[in-house]
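Whatever order the structure lists them in is the order used to number ligands and atoms, beginning at 1.
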Amino acid sequence: MRKAFRYMGYIFWDCFKAFPGLFAAIIVLNTVGVAATVLEPLLLAGILEQAAAGADGGSLGKAIVLYGGCLVCAPVVNSLFRAYFKMAGVKGEKYFGSKLVAFSGKIRLEALENPETLDKFHRANAGENSQLNFFQQAILATGNLVTCAGMLVIMGRYSPVLIFTGLLGLIPMVVLKMYFEKRLTSMRREMSPVERRCGYLRGLFSNREAVKEMRVMGFGDYLVGKWGEANEIKVQKFRETDLDIRRKQMLGILILNLFFALNIGVAFYLMAAGKVSVGAFAACLSAFIRYDGSNQVAIAMLFNMMHTYHVTEEYYDYFTIPTETDGQQAYEPFQEKITACNVRFRYDGSSEDALAGMSCEIRKGEHVVIVGENGSGKTTFSKLLTGAYLPGQGEILYDGQSTVDLNRKGLYEHISVVPQDFVRYNFSLRENVSLSDPGGPEDEAAMEECLVQVAGEEFLQKLGGIHVQLGRAFGGQELSGGEWQKVAIARGLWKKSDIIILDEPTSALDPLVEYHILTKFVEMIRNKTSVIISHRVGICRTADKIIVMKEGRVAEIGGHEELLQAGGEYARIWREQAKWYA
Ligand code: ADP
């Protein structure tokens, strides 16, 4: 039980933190509303009994005014409730959304490679702001439960049988609702991968590149069919569950109404037998009606709470994904070398090592190129080099400082990375570049110079300066794949780092531009230690050292001429690729 509701405290505490004033106002309002509802049948009985006993007009008038006040209270409380919950919703959205986004930024990067993490993220997103629904349902459930208890007490004053029959009617409804809840939760869990698949396929139709490709290549209909299939599974499952739930729900309502009729019958019998007065019968009737309305709302809310709780649970479960473990040791800029010592690494859920005993050295100021065929482990190694992933076995040492022990933020400050799957930020060109040094000086002339070096004078002229908005998402100027890549390279160079790592930096460029950029690039990074990852060996002539990777480890290390003469893996790849340009 404790495990089942382990996040309950978090929900209320988070709601309180998100909207403290509204939280208190809602609770006060609920208390007033409940008090008025419980008083109402008691006042009615009093009025009828006073009238029957021929009480004076003054005291009867007061009772009638109080009774009227109670009747008016409910709609006023209801409309205030709605307004307050709406305001709380806006505040909650910001609070819960920020919490989720902030946590996503801290997740262990390796965990992001696991599809289960993505499923969890999908479910957490759906659960975002469900805390507010839970809070609302809890408030309504509590209010209605207290009202029910009050009504049972009032009914019990006239006959204990009424308490018994009143409570009995609830049992079948509760049992059925428990069953519904179980079904809904298991269905949601089962559907999470299908939902994500639907979302992914749908997303392809709003991705310009994908739309162009599917149209030209003629596989648009195939993808529509695939989306349709995934969607059909979802619809079928929802339909089955919904039908089953509705059928059983009807049965529950029928049973509840039978007990309602039974209660009225018992009260009527008591009055006819002269055991209770007409006033008491009227109070009983009023209490039945309130009891019937409140117990239905209370049960519905309790079960909605359970349902919402499971959704909310998914939100809080997301926060159990491992976050980046950070070392305590402050990074001292390395003076001599970075060493990989027999490094092994395996992706979550994978059965094979992506790095299987990788060992090499990168000396300070060296320009290293890592080459190897696709899948040989180059990108994985670059991620371990930056400390983004930690080795499963072995170590990456910066002058003896292991990435496992280092405070990651300190290390990151000294490293710049241009990833293979660089992001096309739909911001201004200036922002696209300055992102890598957000707090740094905004020397526009220096930034223009950097862009001219990487992308050429014509590029800047064509765009009309660095303030141009890029990307079509917000009506900016679209760039070609190669141009976006140049912007990403400029971003990497803009960061004041002593190490720069570029993963396939020229994959979107044509060979002539590639040569031009690389020559410029070597000039620009003269004072840094650089690691370029590429499956094209053409890049290697500029390198101080070439590391050739194969099957997750080093196959050869050396200079261009030396490796060609050795006639090994490098020479083989060189010969293969030379054929393209022959
Ligand atoms: P390269 O950069 O040389 O092409 P990678 O480092 O990308 O090679 O991949 C090395 C190996 O790790 C490959 O076998 C690849 O299939 C595997 N791999 C890469 N990324 C993942 C991932 N996210 N999950 C599981 N395996 C992966």
Which heavy atom of the protein is the closest neighbour of atom 26 (N) of ligand 1, given with residue, atom name and distance?
Y347 CD1, 3.3 Å
Give the C-alpha distance, both sets of side-chain angles, the deciding distance and a yes or no for side-chain hydrogen bond (donor to acceptor under 3.5 Å, both in side chains) between S130 and T308.
CA-CA 6 Å; S130 60; T308 313; over 6 Å; no
Report yes if some N/O of F381 lies less than 3.5 Å from some N/O of ligand 1; otherwise report no.
no
If the contact criterion is a heavy-atom separation under 4.0 Å, does E373 count as touching ligand 1?
yes
For atom 8 (O) of ligand 1, grab the closest protein heavy atom and report residue, atom and distance to one decimal in Å.
G377 N, 3.2 Å
Provide, to 0.1 Å, the distance between atom 7 (O) of ligand 1 and the closest protein heavy atom, together with that atom's residue and name.
T379 CB, 3.8 Å
Closer than 4.0 angstrom, basic N to acidic O: yes or no for E569 and R572?
yes
Examine F334 together with H414 and report whether their ring centres are nearer than 6.0 Å.
no
Indicate yes or no: does K99 engage D14 in a salt bridge with an N to O separation below 4.0 Å.
yes
Numbered atoms and elements of ligand 1 in range of T380, under 4.0 angstrom, heavy atoms
5 (P), 6 (O), 9 (O), 10 (C)
Among all protein heavy atoms, pick the one closest to atom 23 (N) of ligand 1 and tell me residue, atom and distance.
E113 OE1, 2.6 Å
Hey, does A354 come in under 3.5 Å of ligand 1, counting only N/O atoms on both sides?
no
Taking N or O atoms only and a 3.5 Å limit, does N374 qualify as a polar contact for ligand 1?
no
Polar atom proximity, K378 to ligand 1 (N or O, under 3.5 Å)
yes
Could you check whether R363 pairs with E361 (Lys NZ or Arg NE/NH1/NH2 to Asp/Glu carboxylate O, under 4.0 Å)?
yes
Going by a strict under-4.0 Å cutoff (protein heavy atoms only), does atom 16 (O) of ligand 1 have a neighbour on the protein?
no
R183/D242 salt bridge by N-O under 4.0 Å criterion:
no
Ionic contact status for R123 with E313, cut-off 4.0 Å
no
Give the residue and atom name of whichever protein heavy atom lies nearest to atom 13 (C) of ligand 1, and the separation in Å to one decimal.
G375 O, 3.8 Å
Y316: what forms a ring pair (Phe, Tyr, Trp, His ring centres under 6.0 Å) with it, not counting sequence neighbours?
Y7, Y10
Whether G372 lies under 4.0 Å from ligand 1, heavy atom:
no
Whether E373 and K550 form a salt bridge (side-chain N of Lys/Arg under 4.0 Å from carboxylate O of Asp/Glu) is what I want to check.
no
